[in-house]
Colleague: 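The structure follows.
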Amino acid sequence: MRRMTARPANAHQARLLRLLRDGGPTSRAQLGDRMDLSRSRLAVEVDRLLDTGLVIADGLAASRGGRRSHNIRLSPALRFLGVDIGATSVDVAVTNAELEVLGHLTQPMDVREGPVAVFEQVLAMAAKLRASGPAEGFDGAGIGVPGPVRFPEGVPVAPPIMPGWDGFPVREALSQELGCPVMVDNDVNLMAMGEQQAGVARSAKDFLCVKIGTGIGCGIVVGGEVYRGTTGSAGDIGHIQAEPDGRPCACGNRGCLEAYFGGAALARDAEAAVREGRSAELAARLEAAGRLAATDVAAAAAAGDAAALDLIREGGTRTGQVLASLVSFFNPGLVVIGGGVTGLGHTLLAAIRTQVYRQSLPLATGNLPIVLGELGPVAGVTGAARLISDHLFSPA
């Protein structure tokens, strides 16, 4: 497989590449307006990028008076692979250099099967995308996993819901298989980057992105950049204590938020509601399928089932209690709620909003939007593609 061999030679070239990634084809004059460079220095850097093949000339720009400038765009041949591994499903997508999704596959998957089985499935999905036409090969790949990641090495560290993954060299192994550079991060950080790139957080600089799936995590964006903390574990809010000496959690502690809400906890509580005779709607679904999932609770709530609505409100309230503390501490300009459980919709959002607005100080919440994400399952793969492009569009 081919790979992108050229890299920007300096910070100016790196910034030019990112401007073109985020803004699409742009004239030299417009690039000059955005870069703190003299016209002659800008011309030198653009010409060097043209020589590498990373960018191409793309016709004449609209006239601004005088001689017309040429548009410059990233090479249309560049292709990035975005992989978003969840606890129960995996999304794989191909994007162009502007991070537009050209092909996207999603399949059920159990992350507990371990890295070898999961990556066999990922590679098969990538091969299927190649065969269908969007890409002959990949210039880089970004990978998201549902657990803490030691970011510089691209290695999961003691992930509670990922047995067999601790210390697995994800970046090294997939780079060898795919024949291109690979970067690895926590899945919720990638969701935040995706919403920032093409979703509801496009204009936000300081925001929280909460992913409620099988578990719960939070991407923290400060000044437009993901904040990962010293070791990569920032934002692991699912293991903040919501109830002293409460339910046992998969992490080994008790009373964690994740033990009370998220896909796994919601399914367990829904089955308990059936056993206690509180929901005929959920009972019918359990009898038909043999088990319940968050999607069943969402469907029952949509049908007006009181027990399902109560479960969603209780989970939203607990999540809001934790978020209220984060809002008071961080003072974000936006809170985005995403992940598989957001199929629970506005009942969940209303419970979270009510708790945050009630519990946090008015100065922190007076102009604070709390909204659902826009991109759904595309957020993670878009963020994964942005992750690898950030790496490749940095000086070598």
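Any value given below was found using the heavy atoms of this structure, including those in side chains, with hydrogens, waters and symmetry copies removed. From a predicted model like this one, the values you see are computed outputs, not experimental measurements.
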Colleague: Give the cluster check for Leu282 versus Leu309: same hydrophobic cluster or not, with ILVMFWY residues linked at side-chain heavy-atom distances below 4.5 Å.
Modeller: no
Colleague: Would you say Gln121's side chain and Pro108's backbone share a donor-acceptor pair under 3.5 angstrom?
Modeller: yes
Colleague: Between Phe119 and Phe138, is there shared hydrophobic-cluster membership here, with clusters defined by ILVMFWY side-chain heavy atoms closer than 4.5 Å?
Modeller: yes
Colleague: Between Gly373 and Val200, which heavy-atom pair has the shortest distance, and what is it?
Modeller: CA-CG1, 4.3 Å
Colleague: Less than 4.0 angstrom from a charged side-chain N to a carboxylate O is my criterion; do Arg48 and Asp51 meet it?
Modeller: no
Colleague: Please name the pair of heavy atoms, one in Ala135 and one in Arg79, separated by the smallest distance, quoted to 0.1 Å.
Modeller: CB-CG, 3.8 Å
Colleague: If I take atom CZ from residue Phe151 and atom OG from residue Ser233, how far apart are they, to the nearest 0.5 angstrom?
Modeller: 14.0 Å
Colleague: Any side-chain heavy-atom pair from Val381 and Leu190 closer than 4.5 angstrom?
Modeller: no
Colleague: I'd like to know if the side chain of Gln197 reaches the main chain of Gly383, judged simply by a donor and an acceptor atom lying under 3.5 Å from each other, with no hydrogens or angles considered.
Modeller: no
Colleague: Quick check: do Gln355 and Leu323 have side-chain heavy atoms less than 4.5 Å from each other?
Modeller: no
Colleague: Any side-chain heavy atom of Leu16 sitting closer than 4.5 Å to one from Leu42?
Modeller: yes
Colleague: First locate atom CG of Leu348, then atom CZ of Arg353, and finally report the distance between them rounded to the nearest 0.5 Å.
Modeller: 10.5 Å
Colleague: Show every side chain to side chain donor-acceptor pair (under 3.5 Å) that has at least one partner inside residues 185-195, sequence neighbours left out.
Modeller: Asp185-Asn189, Asp185-Arg228, Asp187-Lys211
Colleague: Test of understanding: with side-chain contact (heavy atoms from CB on, under 4.5 Å), list the residues that count as partners of Arg171, not counting sequence neighbours.
Modeller: Val182, Met183, Val184
Colleague: Examine Arg318 relative to Phe261 and say whether NZ or CZ is less than 6.0 Å from the centre of the six-membered ring and inside a 45° cone about the ring axis.
Modeller: no
Colleague: Do Leu344 and Tyr260 land in one hydrophobic cluster if side-chain heavy atoms of ILVMFWY residues count as linked below 4.5 Å?
Modeller: no
Colleague: Taking all atoms of both residues into account, what is the closest heavy-atom pair of Gly238 and Cys256, and its distance?
Modeller: O-CB, 3.4 Å
Colleague: Is the backbone N or O of Val274 less than 3.5 Å from a side-chain atom of Ser279, with the two atoms forming a donor-acceptor pair by type?
Modeller: no
Colleague: Nearest 0.5 Å, what's the CZ-CG distance between Arg202 and Asp22?
Modeller: 12.0 Å
Colleague: Using a 3.5 Å distance criterion without hydrogens, assess whether the side chain of Thr26 forms a donor-acceptor pair with backbone atoms of Gly24.
Modeller: yes
Colleague: For side-chain contact (heavy atoms from CB on, under 4.5 Å), just list the numbers for Val118 and Met109, CA-CA rounded to whole Å, side-chain angles, deciding distance to a tenth of an Å, and then say yes or no.
Modeller: CA-CA 7 Å; Val118 169; Met109 176 276 308; 3.5 Å; yes
Colleague: Do Pro76 and Ile56 have side chains that approach each other closer than 4.5 Å (heavy atoms only, starting at C-beta)?
Modeller: yes
Colleague: Take Ile212 and Thr319 through the side-chain contact (heavy atoms from CB on, under 4.5 Å) test and state the conclusion after the steps.
Modeller: CA-CA 9 Å; Ile212 308 175; Thr319 303; 4.3 Å; yes
Colleague: Locate the shortest heavy-atom distance separating Gly219 from Val188; write the atom from each residue and the value.
Modeller: N-CG2, 3.5 Å
Colleague: Report the C-alpha distance between Val297 and Leu292 in whole Å, list the side-chain angles of each, state the deciding distance to 0.1 Å, and finish with yes or no for side-chain contact (heavy atoms from CB on, under 4.5 Å).
Modeller: CA-CA 8 Å; Val297 180; Leu292 292 175; 5.8 Å; no
Colleague: Are side-chain heavy atoms of Val221 and Cys209 found at a separation under 4.5 Å?
Modeller: no
Colleague: Does any non-hydrogen side-chain atom of Leu174 lie less than 4.5 Å from one of Ile143?
Modeller: yes
Colleague: Is Ser89 reaching over with its side chain to a backbone N or O of Ile85, donor-acceptor style, under 3.5 angstrom?
Modeller: no
Colleague: Give, for atom CE of Met35 and atom CD of Glu45, the distance between the pair rounded to the nearest 0.5 Å.
Modeller: 7.5 Å
Colleague: Under the 3.5 angstrom rule, does the side chain of Ser175 hit a backbone N or O of Cys180 as a donor-acceptor pair?
Modeller: yes
Colleague: CG/Leu102 to CG/Leu99 distance, rounded to the nearest 0.5 angstrom?
Modeller: 10.0 Å
Colleague: Considering non-hydrogen atoms only, spot the tightest contact between Met162 and Val111 and give its length.
Modeller: CG-CG2, 3.9 Å
Colleague: Looking at every heavy atom in both Ser328 and Leu361, which two are closest together, and how far apart are they?
Modeller: OG-N, 4.1 Å
Colleague: Should Leu20 and Leu387 be regarded as members of a common hydrophobic cluster, given that ILVMFWY residues are connected when their side-chain heavy atoms come within less than 4.5 Å of each other, either directly or indirectly?
Modeller: yes
Colleague: Taking the side chain as everything from C-beta on, heavy atoms only, tell me whether Leu368 gets closer than 4.5 Å to Pro332.
Modeller: yes
Colleague: Only distances under 3.5 Å count here; give the side-chain donor-acceptor pairs of residues 388-396 to other protein atoms, sequence neighbours excluded, each with its distance to 0.1 Å.
Modeller:
unit_1 : atom_1 : unit_2 : atom_2 : d
Ser389 : OG     : Arg21  : NH1    : 2.8
Ser389 : OG     : Ala385 : O      : 3.3
Ser389 : OG     : Arg386 : O      : 2.9
Asp390 : OD1    : Arg21  : NH1    : 2.6
Asp390 : OD1    : Arg21  : NH2    : 3.3
Ser394 : OG     : Arg18  : NH2    : 2.7
Ser394 : OG     : Asp390 : O      : 2.6

Colleague: For Leu54 and Gln13: C-alpha separation, side-chain torsions, deciding distance, then whether side-chain contact (heavy atoms from CB on, under 4.5 Å) applies.
Modeller: CA-CA 10 Å; Leu54 290 173; Gln13 292 182 17; over 6 Å; no
Colleague: If we ignore hydrogens and angles and just use 3.5 Å, is the side chain of Arg150 paired with the main-chain N or O of Val157 as donor and acceptor?
Modeller: no
Colleague: Report yes if some heavy atom in the side chain of Ser325 is under 4.5 Å from a heavy atom in the side chain of Gln359; otherwise report no.
Modeller: yes
Colleague: Is any side-chain N of the basic residue among Asp269 and Arg247 closer than 4.0 Å to the acidic one's carboxylate O?
Modeller: yes
Colleague: Does Glu276 have more than 12 heavy atoms from other residues, nucleotides or ligands lying within 6.0 Å of its CD?
Modeller: yes
Colleague: Would the number of heavy atoms belonging to other residues, nucleotides or ligands and lying under 6.0 Å from CZ of Arg254 be above 12?
Modeller: yes
Colleague: Can you check salt bridge (Lys or Arg N to Asp or Glu O under 4.0 Å) on Asp305 and Arg278, steps first, answer last?
Modeller: CA-CA 9 Å; Asp305 183 82; Arg278 292 189 284 124; over 6 Å; no
Colleague: Treat each ILVMFWY residue as a node, draw an edge where side-chain heavy atoms are under 4.5 Å apart, and state whether Met193 and Val101 are in one component.
Modeller: no
Colleague: Does any N or O in the side chain of Asp206 come within less than 3.5 Å of the main-chain N or O of Val222, such that one atom is a donor and the other an acceptor?
Modeller: no
Colleague: Is it the case that over 12 heavy atoms from other parts of the model lie below 6.0 angstrom from the CG atom of Asp47?
Modeller: yes
Colleague: Ignoring hydrogens and angles, tell me if any N or O in the side chain of Glu258 forms a donor-acceptor pair with the backbone of Ile216 under 3.5 Å.
Modeller: yes
Colleague: So, does Arg15 use its side chain to make a donor-acceptor pair with the main chain of Arg34 at under 3.5 Å?
Modeller: yes
